[in-house]
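Note on naming: letters A, B, ... go to the chains in the order of the sequence lines (proteins, then strands), and numbering restarts at 1 for each one.
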Amino acid sequence: MNKVHISIDGISLYVPENYTILQAAKEVNITIPTLCFLKDVNEIGCCRMCVVEVKGSKALQAACVHPVREGMEVFTHTPKVMEARKVNLELILSNHDAMCQTCTRSWMDCELQTLANKLSVDTVRFTGDKKRQPLDIGVSIVRDPNKCILCRRCIGACKNIQTVAVIDTMNRGFDTVVGSAFGLKLDETPCTNCGQCINVCPVAALHEKNDTDRVWEAINDPTKHVVVQTAPAVRVALGEEFYMNIGESVTGKMVTALRMLGFDKVFDTDTGADLTIMEEGAELIDRIRGGGKLPLITSCSPGWIKFCEHNFPDMLDNLSSCKSPHQMFGAVLKTYYAQKEGINPDDIVTVSIMPCTAKKFEAKRPEMEVDGRSDVDIVLTTRELGKMIYDVGIDFPSLGDSDFDNPFGEASGAGAIFGTTGGVMEAALRTVADILNDSSADNFEYEEVRGLEGIKVATIEIADLKVRAAVAHGLGNARKLMEAIEAGEEFHFVEIMACPGGCINGGGQPLQLSDIRNWVDVKAERAKNLYKEDRKMFIRKSHNNPAVKKLYKEFLGMAGGKQAHKLLHTHYAPRKNYED
Amino acid sequence: MTQNCAGCADFQEKSGQLSKIIAKYKDTQGALIPVLHEAQELFGYLPLEVQRQIAQELDIPLAEVYGVVSFYTQFSINPKGKYQINVCMGTACYVKGASEILDKFRTRLSIDVGECTDDQKFSLDACRCIGACGLAPVVTINDEVYGKLTADEVDDILDKYEDR
Ligand code: SF4
Ligand code: SF4
Ligand code: SF4
Ligand code: FES
Ligand code: FES
């Protein structure tokens with residue numbers, strides 16, 4: 001890469017020629033304020049919060065998109081710059097519904113509040129009209145147009161990264177809003193509930209549908225036995241809600257906190273993931289050996305499932321019939337566990353703590369019940385759990401560690417890595433290899449399916465088979481991979497996760513400000529710690545999990561058998577896009 | 001009302017014509033706007049089913065198509081009547097009582113802004129300044145301009161069109 005000489009506030013530096021002024025300034029420890037800019041998601045330079053003076057050009061320039069040039073002289077905090085930024089922000093604030101005290105975003109970091117502090121905005125010199133528009137409250141996602149500052153980051157996430165494109169800017173001038181076609185509710189569009197729009201919103205204009213009240217109600221009802229399970233990705237992110245390090249693993253503290261909140265039992269969704277591997281592994285072997293429909297495509301990401309139902313209805317038979325891990329586990333809790341503990345399943349309330357907003361929608365699907373009982377009653381996001389802990393005054397970082405409850409106890413490392421892209425694939429390969437080789441392999445870390453490359457392809461030799469595998473994460477990548485498959489590219493096994501990076505970056509995970517996301521790969525930090533969790537585990541393959549073995553022996557029978565099918569499998573149907 | 005019905009024979013036939021229009025522009029840059037113009041000429045307005053077809057066949061997300069339609073005032077998502085009433089709500093007209101005039105049209109026709117009467121005769125819209133501020137308040141019905149209007153005159157004007 002060629003480099004150029006520039007100076008920023010009188011400091012000379014030598015930077016790659018493809019840098020923006022924003023990146024160059026960071027090299028000399030100056031963080032220029034930004035609002036609409038979010039690396040890889042929205043790089044359109046529309047808010048002008050990041051303006052700087054460039055010697056020789058009359059107008060102020062947007063540092064987030066303006067490239068450096070040889071000999072350029074930049075000034076980042078002249079009076080003209082500071083005043084322009086302030087005016088910009090005051091204009092946004094003048095018609096913002098600034099009720100911070102009652103706002104869902106104020107306990108976490110609101111980027112608008114942070115900016116106002118940073119620019120020392122103490123009065124707003126303009127009075128703008130404030131609109132009152134109705135909220136769009138969906139099963140998973142809530143949009144509050146009154147808080148929207150029109151930065152368009154959500155559009156970047158939905159349209160460019162996810163290629164779902166159900167939100168865009170509508171109308172013009174003062175009437176401009178971000179919304180869906182014909183003012184439809186998100187639930188009436190092909191929205192996948194992935195929540196990636198929430199993750200990028202700088203303010204409270206997008207958030208999950210809050211279900212914590214229902215959980216409190218269940219906990220406070222003495223007739224209810226409330227069991228909670230936590231997904232793998234939650235444990236490497238929950239700490240962030242309490243300003244711990246990004247990706248820091250807090251499994252033991254999380255279990256302690258859940259008991260303190262009053263849950264009767266605390267279980268690990270990793271056990272459900274181990275179950276999924278047993279079933280999906282059996283399904284894969286069955287389809288390869290028995291000439292079934294290939295490729296087999298994973299089905300544990302409900303955002304991906306809905307996307308597939310809308311966009312690839314002809315390939316629904318390729319989806320694994322396996323329910324997602326927490327749904328499987330929910331079904332087991334209301335049958336096997338209820339019987340074993342002598343509890344009436346109607347008195348059990350199953351709560352799932354998930355990194356995911358789409359799982360709220362999934363849990364409500366009619367396909368997800370056994371004998372008229374829903375597998376999972378309430379889904380909370382990592383953020384909602386963080387808020388519950390915060391609300392009752394638990395000092396989370398100071399908590400000691402506890403273990404998950406029996407009869408399920410500790411799960412396998414294979415279950416843990418489900419939370420990151422490539423994890424389901426690797427977990428399945430570990431089990432399928434041992435079954436087909438009829439032995440226990442010592443080499444079971446499949447590096448070729450790890451990492452954050454958008455689409456990963458590998459050929460893995462197992463016994464007499466050459467398994468062609470592909471892994472995609474983020475729905476834009478999923479679309480590309482599916483189109484390749486439609487065009488004839490052949491695979492045996494395909495893993496797809498709706499969220500970029502997999503569940504670690506799910507739509508329910510702690511929000512990180514753009515000032516952090518622009519410089520640190522939050523996904524990579526969280527994934528690293530999940531692989532560490534895996535390495536710490538005594539058992540690292542799903543089929544060696546003693547609780548799972550016992551479950552099959554005492555209750556489920558064979559993997560892929562009749563009882564397993566009734567509880568753990570389901571089916572999907574095509575969905576129309578924008579029905580009348 | 002059959003005009004909104006996507007299943008009726010008339011719509012199906014027009015839908016075929018729309019496909020031809022789309023095919024004509026498909027490979028040119030900025031195809032969306034000319035397609036929308038011709039589609040509006042064909043259907044009279046741009047309802048969901050029309051925009052959905054355009055989105056599909058041009059391979060542009062519906063939200064983006066709708067974003068463009070709602071940006072330009074010349075596009076309409078509601079059917080237009082034989083007589084299209086436009087009440088100017090620009091500043092000059094507004095201060096001279098345009099909202100009373102608009103209300104009068106609303107109650108007399110029993111429709112809201114953006115709607116069309118059941119017999120397809122009248123549709124009602126509010127618009128920005130049309131540049132005839134000297135005549136404020138101003139109303140246009142198709143190509144005819146009515147200036148310095150009062151709410152009392154609305155009935156007479158409408159009667160005239162009813163009889164046509
Ligand atoms: S979005 Fe931020 S600035 Fe706006 S009301 Fe909420 S906390 Fe306050
Ligand atoms: S939840 Fe996902 S699909 Fe739905 S609007 Fe947000 S980003 Fe788009
Ligand atoms: S909803 Fe949030 S991300 Fe989307 S434009 Fe509004 S403020 Fe920006
Ligand atoms: S224009 Fe640079 S952050 Fe918005
Ligand atoms: S304001 Fe009505 S014509 Fe100008």
Residue by residue, scan residues 59-67 of chain B and write down, ordered by number, those that have a heavy-atom distance under 4.5 Å to chain A; if none do, write 'none'.
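Contacts with chain A: B:Pro61, B:Leu62, B:Ala63, B:Glu64, B:Tyr66, B:Gly67.
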
Under a 4.5 Å heavy-atom cut-off, does chain A meet the side chain of B:Gln56, its backbone, both or neither?
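Neither the backbone nor the side chain of B:Gln56 comes within 4.5 Å of chain A.
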
Return yes when atom [atom1] of [X] has more than 12 non-hydrogen atoms of other residues, nucleotides or ligands closer than 6.0 Å, and no otherwise.
{"X": "A:Lys576", "atom1": "NZ", "result": "no"}
{"X": "B:Tyr94", "atom1": "OH", "result": "no"}
{"X": "A:Lys364", "atom1": "NZ", "result": "yes"}
{"X": "B:Glu100", "atom1": "CD", "result": "no"}
{"X": "B:Asp163", "atom1": "CG", "result": "yes"}

A:Arg172 NZ/CZ over B:Phe71 ring centroid, <6.0 Å and within 45° of normal:
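Yes; both conditions hold, so A:Arg172 lies above the ring face of B:Phe71.
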
Top contributor to chain B contacts, counting heavy-atom pairs under 4.5 Å, from A:Asn171, A:Asp175, A:Asn577
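Most pairs with chain B among the choices: A:Asn171.
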
Which residues from residues 182-191 of chain A are near chain B, with near meaning under 4.5 Å between non-hydrogen atoms?
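Within residues 182-191 of chain A, the residues that come under 4.5 Å of chain B (heavy atoms only) are A:Phe182, A:Gly183.
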
